[in-house]
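Working notes, structure below.
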Amino acid sequence: MPFLYNLFMKISKNDIDIKQTLECGQIFRYIPIKGGYEVYSLDKYCTIKECNDCYVLESDDENYFYNFFALNDDYNAYLNTLRANEKLKNCIPSSPTIRILKQDPFEMIISFIISANNNIPRIKGIISRLCLKLGVNAAFPTVNAFASQSVDFYKSVGLGYRAPYILDTAKKIASGEFDINYVYKLSTEDAKKYLMTLPGVGPKVADCILLFGYNRFDVFPVDTWVKKIYLDLFNEEVSPIKMRENLLREFGDLSGIAQQYLFNAKRNY
DNA sequence: AGCCAGGCCCATT
DNA sequence: AATGGGCATGGC
């Protein structure tokens with residue numbers, strides 16, 4: 001067991017609420033521990049614990065997690081803009097609480113294919129088993145590790161009818177037929193269409209991948225929770241497609257952030 | 001026991 | 001373009 005010099009970093013509680021940021025459904029690889037959380041991303045790991053007026057972040061790659069938690073971004077500016085919106089004013093706090101994490105695109109593609117018509121505790125369990133069985137030191141598995149499995153393997157970890165989606169998507173990426181980096185070059189609209197060529201990726205999952213994996217805020221994932229929220233906000237019954245159009249028009253380039261605050265407010269009542 | 005979950009695919013219209 | 005049924009699994 002090599003000895004590691006633990007580095008640590010203090011983060012102000014005014015800049016982020018770790019509990020809300022981790023528990024709002026954008027990440028599935030975190031574990032509550034005494035006084036904080038363990039957080040995993042790709043092959044990296046940190047602990048983040050609460051102290052009196054701050055959090056203490058410990059990792060062997062603290063710079064990765066400083067960026068991961070989006071602490072370089074000016075969320076006060078985002079919140080000021082959103083706070084001016086009538087429909088949001090009750091959901092926007094006085095200082096940044098939730099931040100959109102900067103996660104890995106491939107990890108998001110796999111994770112949100114799994115998320116479809118599924119519940120969060122079970123999603124976390126499936127992803128955890130995949131990391132334990134396919135990942136090096138329980139890291140998030142590589143594309144090739146995913147692509148070299150069988151449908152039956154994926155069924156054995158609980159993926160059900162999503163098993164072929166995961167395998168076929170991994171194969172498309174591993175073969176180069178789908179280029180994860182090409183997404184960066186596309187407009188959000190074109191990127192969404194491109195992502196939807198992957199098996200198991202529909203409109204909602206594509207929006208989540210763009211929001212959490214590519215940091216595109218001009219998306220609005222419409223899921224079962226948003227469908228409940230929408231009626232409260234607009235007081236009209238429309239199709240999910242119309243919902244997304246209207247929500248994007250309402251919240252513009254900050255839709256993804258608005259969605260996350262709304263999602264969080266609704267789930268916590 | 002039965003409903004539901006951060007929906008997608010596919011067949012019909 | 002838009003709708004509707006079917007779907008594996010297990011948390012609650």
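A, B, ... follow the sequence lines: proteins, then strands. Residue 1 opens every chain.
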All N/O donor-acceptor pairs, side-chain side in residues 235-243 of chain A, below 3.5 Å, sequence neighbours left out:
from      : atom 1 : to        : atom 2 : distance (Å)
Glu236(A) : OE2    : Tyr230(A) : OH     : 2.9
Ser239(A) : OG     : Lys242(A) : N      : 3.3

Notebook entry, point to check: Does a side-chain N or O from Thr224(A) land closer than 4.0 Å to OP1 or OP2 of dG7(B), or not?
Noted result: yes
Using a cut-off of under 3.5 Å, enumerate the N/O to N/O pairs linking the protein to nucleotides 1-3 of chain C.
none

Margin query: Which is more 5' along DNA chain B, the nucleotide nearest Pro221(A) or the one nearest Gly200(A)? Just name the residue.
Written below: Pro221(A)
Listing time: all N or O pairs from protein to nucleotides 10-13 of chain B that are below 3.5 Å?
none

Notebook entry, point to check: Do the rings of Phe65(A) and Phe68(A) sit parallel, tilted or perpendicular, given the 30° and 60° boundaries?
Noted result: perpendicular
Checklist line | Consecutive-pair stems (3 or more, Watson-Crick or G-U, under 3.5 Å) for DNA chain C | finding: B:2-5 with C:9-12, B:7-13 with C:1-7
Next item on the list: Without swapping roles, check the side chain of Gln260(A) against the backbone of Cys24(A) for a donor-acceptor pair under 3.5 Å.
Entry: yes
Next item on the list: Please check if Ile180(A) and Leu42(A) belong to a single hydrophobic cluster, counting links between Ile, Leu, Val, Met, Phe, Trp and Tyr side chain heavy atoms closer than 4.5 Å.
Entry: no
Margin query: For Thr97(A) and Tyr261(A), which I'm curious about, is there any donor-acceptor pair between the side chains at under 3.5 Å?
Written below: yes
Next item on the list: Starting from P on dA8(C), measure out to CD1 on Ile114(A) and report it in whole angstrom.
Entry: 16 Å
Notebook entry, point to check: Is the side chain of Ser255(A) donor-acceptor paired with the backbone N or O of Asp218(A) at a distance under 3.5 Å, no angle test?
Noted result: no
Margin query: Looking at Lys228(A), I'd like to know whether one of its side-chain N or O atoms comes within less than 4.0 Å of OP1 or OP2 on dA5(B).
Written below: yes
Check: Hey, any chance Tyr30(A) and Leu211(A) share a hydrophobic cluster, counting ILVMFWY side chains that come within less than 4.5 Å of each other, even indirectly?
Finding: no
Notebook entry, point to check: If only atom types and distance count, is the side chain of Lys172(A) paired as donor or acceptor with the main-chain N or O of Thr197(A) below 3.5 Å?
Noted result: yes
Next item on the list: Return the value, rounded to whole Å, for the distance between atom CZ of Phe28(A) and atom P of dA5(B).
Entry: 14 Å
Checklist line | disulfide bond (SG atoms under 2.5 Å apart) pairs, two or more places apart, involving residues 36-126 of chain A | finding: Cys51(A)-Cys54(A)
Next item on the list: Output all residues satisfying ring-ring contact (aromatic ring centres under 6.0 Å, His included) with Tyr55(A), sequence neighbours left out; order by chain, then residue number.
Entry: none
Margin query: Counting only heavy atoms and a strict 4.0 angstrom limit, can you tell me which residues of residues 171-180 of chain A come near DNA chain B?
Written below: none
Margin query: For the P atoms, the ones on dG10(C) and on dC9(B), what distance do you get once it is rounded to whole angstrom?
Written below: 22 Å
Check: If you look only at pairs with a residue in residues 198-208 of chain A, which of them pass as a salt bridge (Lys or Arg N to Asp or Glu O under 4.0 Å), with sequence neighbours excluded?
Finding: Lys192(A)-Asp207(A), Asp207(A)-Arg244(A)
Margin query: Categorize Val222(A) for me: base, sugar-phosphate, or nothing, with a 4.0 angstrom heavy-atom threshold over every strand shown.
Written below: nothing
Notebook entry, point to check: Side chains of Tyr40(A) and Glu107(A): donor-acceptor distance under 3.5 Å anywhere?
Noted result: no
Next item on the list: Taking the side chain as every heavy atom from C-beta outward, state whether Tyr214(A) and Ile209(A) have any pair of such atoms under 4.5 Å apart.
Entry: yes
Check: Can you find an N or O donor on one side and an acceptor on the other, under 3.5 Å apart, linking the side chain of Tyr161(A) with the base of dG7(B)?
Finding: yes
Notebook entry, point to check: What is the nucleic acid contact for Phe212(A), judged by heavy atoms within less than 4.0 Å: base, sugar-phosphate only, or nothing?
Noted result: base
Margin query: Rounding to an integer number of Å, can you tell me how far Leu167(A) CG sits from dC8(B) C1'?
Written below: 17 Å
Tell me which donor-acceptor pairs under 3.5 Å the side chains of residues 115-123 of chain A have, and how far apart each pair is, sequence neighbours excluded?
from      : atom 1 : to        : atom 2 : distance (Å)
Ser115(A) : OG     : Phe112(A) : O      : 2.8
Asn117(A) : ND2    : Tyr161(A) : OH     : 3.4
Asn118(A) : OD1    : Arg122(A) : NE     : 3.1
Asn118(A) : ND2    : Ile114(A) : O      : 3.1
Asn119(A) : OD1    : Arg122(A) : N      : 3.1
Arg122(A) : NH1    : Gly158(A) : O      : 3.3

Checklist line | Any residue of residues 187-199 of chain A with a heavy atom less than 4.0 Å from an atom of DNA chain B | finding: Leu198(A), Pro199(A)
Note to self: Please evaluate residues Lys19(A) and Glu50(A) with respect to the criterion salt bridge (Lys or Arg N to Asp or Glu O under 4.0 Å), reporting the C-alpha separation (whole Å), side-chain torsions for both, the decisive distance (0.1 Å), and the verdict.
What the structure shows: CA-CA 10 Å; Lys19(A) 177 180 169 62; Glu50(A) 196 169 349; over 6 Å; no
Between the protein and nucleotides 9-12 of chain C, list the N/O to N/O atom pairs that are separated by less than 3.5 angstrom.
from    : atom 1 : to        : atom 2 : distance (Å)
dT9(C)  : O2     : Arg122(A) : NE     : 3.1
dT9(C)  : O2     : Arg122(A) : NH2    : 3.1
dG10(C) : N2     : Asn119(A) : ND2    : 3.3

Checklist line | Donor-acceptor under 3.5 Å (Gln26(A) side chain, Thr21(A) main chain) | finding: yes
Check: Hey, is the main chain of Asp15(A) close enough, under 3.5 Å, to the side chain of Arg99(A) for a donor-acceptor pair?
Finding: yes
Checklist line | Backbone of Lys124(A) reached by a side-chain donor or acceptor of Ser128(A) within 3.5 Å | finding: no
Would you mind writing out the side-chain donor-acceptor pairs for residues 140-147 of chain A within the sub-3.5 Å range, not counting sequence neighbours?
from      : atom 1 : to        : atom 2 : distance (Å)
Thr142(A) : OG1    : Ala145(A) : N      : 3.1

Next item on the list: Nearest whole angstrom, please: distance from the P of dG7(B) to the CH2 of Trp225(A).
Entry: 10 Å
